[in-house]
Structure formats: structure tokens, C-alpha cells
Amino acid sequence: MYNFINPYNFIPMGEKKSKAESIDGEELISGVIEYSILTKTPLFIPNTSFDHFYGKMEKSGEHKSYAFSSYVDYSKVENRTNIPDPEPVIPGSEIRGMFRSNYEILTNSCMSALDSDMLLSKRTMESYQAGLLRRETVDGGKNCYDLYQAIDVLWRTKGANSQKDDLNWVNDTEHRNRRCYIQKDFPEGSCVEFKMHKRKKNGRAIKPLASEVKLCQNETQNTEGYTKGYIIKGEKSPGGRSKKHCCHIFSPITNGGSPVRKDIKISLLDDLLDIYASNKLEPDKYYKEYRAGFEEFKKGNGSEYFPVYYCRLGDKFEKKVFLAPACKTREIYDNTLEKLAGELAPCTGESGFCAACELFGTVTPEGEGKSSKIRFTDLTVKKRKNNRDYYLDRVTLPELSSPKLNNMEFYVERPLDGQGNGAQFWTYDYYIDANGDLHVEQGRLAGRKFYWHQNLKDENIVTEKPNRRNVTIRPIQTGNIFSGKMYFDKITKATLDQLAYLINTGEEVQDLMKKKYGYKIGMAKPLGFGSIACKVDKIEIKSYRIEEDTIQRKRDPYYAGDFSEIEEMFKRQSGSSIIENFHKMTGFDSIELKSDEHFSYPKLSKESKGYEWYAKNHVGTKNGMPNSRKEMRFKEYLTAMEPRVKRTGDGGE
């Protein structure tokens, strides 16, 4: 077994967002904080002026490579190999973002970086049913849509673009390799007539077959002996992994023609198609034909009906219906990150401003703004005799990916049922309890994401072969010291004390080498890069005095208050556990690896791919793969602030 510590975790959020405190009657001060940082592990921040710093590597495709951040614009440098190494620079924007995110944690401010519009979805093993959307124009020319159940009929032919029927399908390799769903003359959603052949297996009715398929000349009339239906073909998966071979025809059910759901929300189908279209492997192909037909249907063109797969969440929750272009698919959830964040969603004019937005500034979706009361300079490095001494040799990093919010067992807190028992499977919209019962309930975010510190040594950096999915960089060494300034304007002394606590990560130790706590910045944080220690060098308050009939500007030294009192201030804003969790999150030695453990994304073995662990973690209550969402189980899951995964402990072994 490969024992891993996931590189990221979550710090719990408080219940209520902090509000910007009134400053009426308080003395407001302005000035500057000078501070230093020490790189505790290798650090990399890219110079984005040029993304092929080490040249194009033809064998690896569009492999990107970057120099470290500096004031050199490499897009204007013709011969990059002959110029001297520049002094590294940490942009003020980089350090500003780091301090803001941690200030938001300490004050329980809004999650300003939250992507409120991101679609949340997950692939499940539920089999969707055949359905038809019926378009109806109501008063005012608006289209509304009712969902009807349909009969799923298979159309099997001699192969792609063939209309020669094959009713003698034996499901052998030769038949399964056919791509009967590829039919140029039958566009997705087109109305057809066909002869239906009903079938039974072991005395039970199974999907009927179609023969003599032809396009409808008149949608409202049927040729005698023929049945009407609508073509739905779909796509094979990227890389050809799909077992899809048959074309489908969805035929209306004539008896009991009441809709499954009236005036159904079809925007979730648009959202799902958007997700498929964003697939990087085949973005121009994925359900392209289906989407084109769906767009025409919504415009009022073409047929009265359009084929769709649908799934009700359960008999108790008939209003909850998912739509999709395929039988096995992804669920698009009603709940967005903004809904799930609740009060901690990004500030708006209506919600009022939190402590972080009041201090760091913000612009709301309505266009209202708060100007920042602090400004950061770039951080410059302590000079060495040779600029080359700042840097390590170039390395090619392992592939890094964007956050996978569909990994519910990590990003969503495990729900509890009415008896205090933990759920076995959960999503952003619902969960399955230990008895297999489904509960519609809004999920709760696990918290604010952060990365654990790792004891990465300069000599232990892993380098890989370049390809189009990874990147080559030249990091700087452990032990580099940078210094910078933070200017503040018209803030209270209490806020200044908070900033001093923030920069010092809550400890009054002044020797950077002896710091026990720190932050993470830059690129490749999951791999152990980017750990830094910080300390305040001095604080000065700006003032003006009249001396000898002239106005003199003075800078008076300021010393922050007792850190234990500042911690009590944060506890009042964010809850009693915030300081304990903050120190655990920022502690350089918070995680003590056991002899057989590794900092790593979930893996089954050192060589395995990450998706294999997640596939194995989605198990069923019965032997084999689950056949419905009610049979789904998470084998292991992550708890906020707990570095090791836990087992659900109930079935699914």
C-alpha cells in the first residue's frame, strides 16, 4: 500500500463573516512596515514575459519553460543564453495575495478569490432514462419545456454511415467494434420513422430494435406500420475508451402521456454541455452535433421534441431532475460555490464589507468599490557576490493540475444523518446514508484550502522528462532573504497590530532561521516548493509637526501590542479554534511523516496515476461496480486539519 499525506487540506470556516468595524472617533494612523522573508524551501515565481525561456522542445510539443521573476522582459531579448543572471524579485502582488488570504482566515472574512460562477458536477454510476423535451410557446412568445418519458430503441447497422439494418447482433467483438451511431444523413435530434421489433430476455422485456429507419416527411403523421422517434447518437469518449456502438431512437410513449416534469429547467443541460465542450482532449468534437441540434430546438426550429437522457433524484424528490446527452454522465448541481460559502461568499454592496475587503480593498459585482488601505512594494533579495548563487539548476516539474472540485470526499464535509451517523456518499446537493436512503441537503464546504509545509531540500527536487503537460523552471535556493515594505494609510492601531501579527505568523521570534511558522507562496506548492518565514523589521508611523515655523514630516517607531491580546481579538472575530488551526496550518513541522509515508496526491502505488485511486475509492455496497448512486460509497475521505485520510468504516470494503 502507498501511504500518502495529501499536500493540501482545509482550515474550517467560522459561521459568520466578520464585518468591518466602525472607526468613528478612533485615531487613524499611516506609515510603513518593513519586513523580511527567508526561503525555507526552494521557491519559484515565474517571469511571465516569455513562456519558452529554454527554447521550444519539439519532441515534447508545446512544453513551457520559465525563468524566475525579475525586471527583465525576456520577450524583448533575442539571445537569452548570453545575458547575465538577473537578481530575483518577488512581485508585491504575489506577497499581497498571500497575506490577504491568511488575513481572511484569521478574521473570518469573505472568500474573495472564490469563483462564484464555477459549475459543480460529478460523474456517477447512475443510468439515466430515455426522455423527450417538448417545446411549447406560451404567451409573449416565450418557450417553455416539458419532459416526457420515452422508449429507448436501438438502431444497429452494418457500421458507420450505413443504413443496412443488423437485427442479428450477437454482441461479439466484431459487432462491438462497429460505430453504428455515426450517421451523417441523420442529424442529432432529427425526427424519423422506423419499424419496431420488441424483444425479451429470460422472459423480461429489453430494449427493442429499429429497422427501415427513414426521416419523417411530416412530424404530425405516422406512416402505417411505422413508429415515430428522434435520433440521439452522442459521442465516444476521448481517446476512444467508450464501448458505445449503437445509435438510439427515443420514441414517445403514447399511453399515459403526462409529462415527468412540466416547465423543466433546461439550463442545466446547457451547463453540462459547456463542461464537455471544455474537455481539453477533444474540445471541438465533444457533443458538438448534439449541442447544435439542441440550440436549433431552443430557437424554435426543427422538431417539436428533442431527445435527452434524464434522471430523477428519487421518488420523494421528483422536482429534482438531471438532464444529460448520455446514459452514463455527469450530474450538474444546483448549488454553486457562492451558495455553499453562504455568508462567506465574496462581499457585495448588499452584504456589506468584511474586515479583509475593508483593509485590502475590493470591487463588487455591482461595481461598488473599496480602495485599499495598504500597498506592497516588490521584494528585493539580499545581495550576493554572484547573481548565479541565488539559483538552482533548472528542473522539469511533475505535472500539476487545477483543483478537482468533483472530488467530494476531499472538498465537501462528510454529512451526518439524524442519528449522528456519517454519510457513505455525498455531493454538493445530496447524500446517501448508511441504509442507502437519499437525502437532499446542501453540502458544506470542507473549509479554506491550504498546503502543508514539506521539508523539501534543494538536492531532493525531482525532475522529469519534458512534455506538453509539465513545465521547466529555474527555482531559487533555500536560504535566500528578501525584504520589502508595506505602506498603510488611515488604519486603526488595532488593525496595525493585526498586520504585525500576520507578518510574524503569530510568533515574536525575530531570528528567521528559528521561526517555527510560515507561509507558502509561488508555484509548485503541492510539491513542497514555496515555504517562507516572515518577520517585521520595523514599523514607523508617519506624522507631521510644526517646528520653527515649518511643517516637518516625522516617522516615529511603533511597537505592536502583546500577541496574546491580538490572538484574543482574532478569536472574537473568527471563533475560539482559529489560532490553534492557524498554527497547525502554518507550522513547518506540523506534519511528522512516518517511515512509510509520502507527501503525495492520492495514489495506489508510486507509479500509478492519480485517477486510479479515486476510481478505487468509489465503490459499491454490492460486489463489483455500483449501478446507481444509492449503491455508491466513498471508501476513504479527508477531514479538515487532519492530514491522513479516514475510512468511512461501513461497507464498501
Side-chain angles (χ1 to χ4, degrees), residues 119 128-153 155 160-161 163 179-194 210 213-223 226-236 244 246-253 257 259-279 282-310 321-327 329-330 332:
L119 297 172
Y128 282 34
Q129 297 175 256
L132 288 165
L133 292 171
R134 181 176 181 271
R135 182 185 61 240
E136 183 177 354
T137 303
V138 296
D139 294 340
K142 178 185 175 183
N143 288 334
C144 67
Y145 305 91
D146 297 337
L147 175 65
Y148 287 84
Q149 187 179 3
I151 301 172
D152 186 359
V153 183
W155 182 22
N161 295 314
Q163 278 91 63
R179 295 291 178 258
C180 307
Y181 64 93
I182 300 174
Q183 296 289 347
K184 288 184 179 178
D185 295 334
F186 292 84
E188 200 98 46
S190 56
C191 181
V192 296
E193 290 184 319
F194 62 95
V213 180
K214 58 184 179 180
L215 293 171
C216 285
Q217 299 301 314
N218 188 330
E219 188 177 359
T220 61
Q221 296 180 1
N222 282 356
T223 303
Y226 283 77
T227 302
K228 183 174 65 177
Y230 299 85
I231 293 287
I232 178 167
K233 295 182 283 187
E235 297 279 2
K236 65 179 179 180
K244 182 175 180 61
C246 295
C247 187
H248 293 254
I249 303 172
F250 287 0
S251 179
I253 296 176
V260 174
R261 174 85 186 274
K262 289 186 67 66
D263 196 15
I264 193 168
K265 180 181 177 181
I266 64 170
S267 60
L268 289 180
L269 179 56
D270 281 308
D271 293 340
L272 182 58
L273 292 170
D274 283 341
I275 289 177
Y276 282 128
S278 66
N279 186 293
E282 294 181 290
D284 296 329
K285 179 183 177 185
Y286 222 40
Y287 292 104
K288 185 175 181 180
E289 185 181 343
Y290 183 90
R291 182 166 203 158
F294 184 49
E295 292 298 323
E296 289 299 307
F297 172 71
K298 290 189 295 180
K299 292 176 184 177
N301 301 331
S303 303
E304 180 184 6
Y305 291 87
F306 192 79
V308 67
Y309 286 92
Y310 76 93
V321 181
F322 297 106
L323 303 177
C327 178
T329 184
R330 306 184 72 86
I332 291 283

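Quantities reported herein were computed from a predicted structural model and do not represent experimental measurements.
- For Thr227, the side-chain hydrogen bond (donor to acceptor under 3.5 Å, both in side chains) test picks out no residue, with sequence neighbours left out.
- Taking Asp185 as the reference, Gln163 meet the side chain to side chain contact (heavy atoms under 4.5 Å, CB included) condition, with sequence neighbours excluded.
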* Can you check side chain to side chain contact (heavy atoms under 4.5 Å, CB included) on Val308 and Phe294, steps first, answer last? -> CA-CA 10 Å; Val308 67; Phe294 184 49; over 6 Å; no

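- Between the side chain of Lys265 and the backbone N or O of Val321, no donor-acceptor pair lies under 3.5 Å.
- Checking side-chain atoms of Lys184 against main-chain N and O of Asn161 turns up no donor-acceptor pair under 3.5 Å.
- Tyr148 is not listed as a side-chain neighbour of Ile253, based on a closest heavy-atom distance of 4.5 Å or more.
- The distance from atom CZ of Phe306 to atom CG of Leu132, rounded to the nearest 0.5 Å, is 10.0 Å.
- With sequence neighbours excluded, the residues satisfying side chain to side chain contact (heavy atoms under 4.5 Å, CB included) with Ala210 are Val153, Trp155, Phe194, Val213, Ile249.
- Checked against side chain to side chain contact (heavy atoms under 4.5 Å, CB included), Leu215 has the following partners two or more places apart in sequence or in another chain: Phe186, Ser190, Val192.
- Under the rule for a salt bridge (charged side-chain N to carboxylate O under 4.0 Å, His left out), Glu219 has no partner lying at least two apart in sequence or in another chain.
- Inter-residue side-chain proximity for Tyr230 and Pro252 is flagged as met; some heavy-atom pair is nearer than 4.5 Å.
- For the ring-ring contact (aromatic ring centres under 6.0 Å, His included) test, residues two or more places apart in sequence or in another chain that qualify with Tyr145 are Phe297.
- Side-chain atoms of Leu323 and Leu272, non-hydrogen and from C-beta on, never get closer than 4.5 Å to each other.
- Considering only heavy atoms from C-beta on, Tyr276 comes within 4.5 Å of Pro325 through its side chain.
- Shortest non-hydrogen contact noted between Phe250 and Ala150 is CB-CB, 4.0 Å.
- Applying the side-chain hydrogen bond (donor to acceptor under 3.5 Å, both in side chains) criterion to Lys298, with sequence neighbours excluded, gives Asp270, Glu295.
- When all heavy atoms of Cys216 and Lys228 are compared, the closest pair comes out as SG-CG, 4.2 Å.
- Side-chain contact between Arg261 and Asp146 is absent, with no heavy atoms from C-beta onward closer than 4.5 Å.
- Nearest heavy-atom pair across His248 and Cys246 is CD2-O, 3.6 Å.
- In this structure, the separation between CD on Glu136 and SG on Cys144 is 5.0 Å, given to the nearest 0.5 Å.
- For the side chain to side chain contact (heavy atoms under 4.5 Å, CB included) test, residues two or more places apart in sequence or in another chain that qualify with Glu296 are Lys299, Asn301.
- Distance CD/Glu193 to CD/Gln221: 9.5 Å, rounded to 0.5 Å.
- Proximity of Tyr310 to Leu269: side-chain heavy atoms (C-beta onward) are nowhere separated by under 4.5 Å.
- Shortest non-hydrogen contact noted between Tyr128 and Ala326 is CB-O, 4.1 Å.
- Under a 3.5 Å cut-off, the side chain of Glu304 and the backbone N or O of Arg134 do not form any donor-acceptor pair.
- Here the SG atom belonging to Cys180 is positioned 10.0 Å from the NZ atom belonging to Lys244, to the nearest 0.5 angstrom.
- Between atom CD of residue Glu235 and atom OH of residue Tyr287 there is a gap of 7.0 Å, rounded to the nearest 0.5 Å.
- Scanning for salt bridge (charged side-chain N to carboxylate O under 4.0 Å, His left out) contacts around Lys214 gives an empty result, with sequence neighbours left out.
- We find the CD1-SG distance between Ile231 and Cys191 to be 9.5 Å, quoted to the nearest 0.5 Å.
- With sequence neighbours excluded, the residues satisfying salt bridge (charged side-chain N to carboxylate O under 4.0 Å, His left out) with Asp274 are Arg291.
- With sequence neighbours left out, Phe322 forms a ring-ring contact (aromatic ring centres under 6.0 Å, His included) with no residue at all.
- Inter-residue side-chain proximity for Tyr181 and Arg179 is flagged as met; some heavy-atom pair is nearer than 4.5 Å.
- Partners of Asn143 according to the side-chain hydrogen bond (donor to acceptor under 3.5 Å, both in side chains) rule, which considers only residues two or more places apart in sequence or in another chain, are Thr137.
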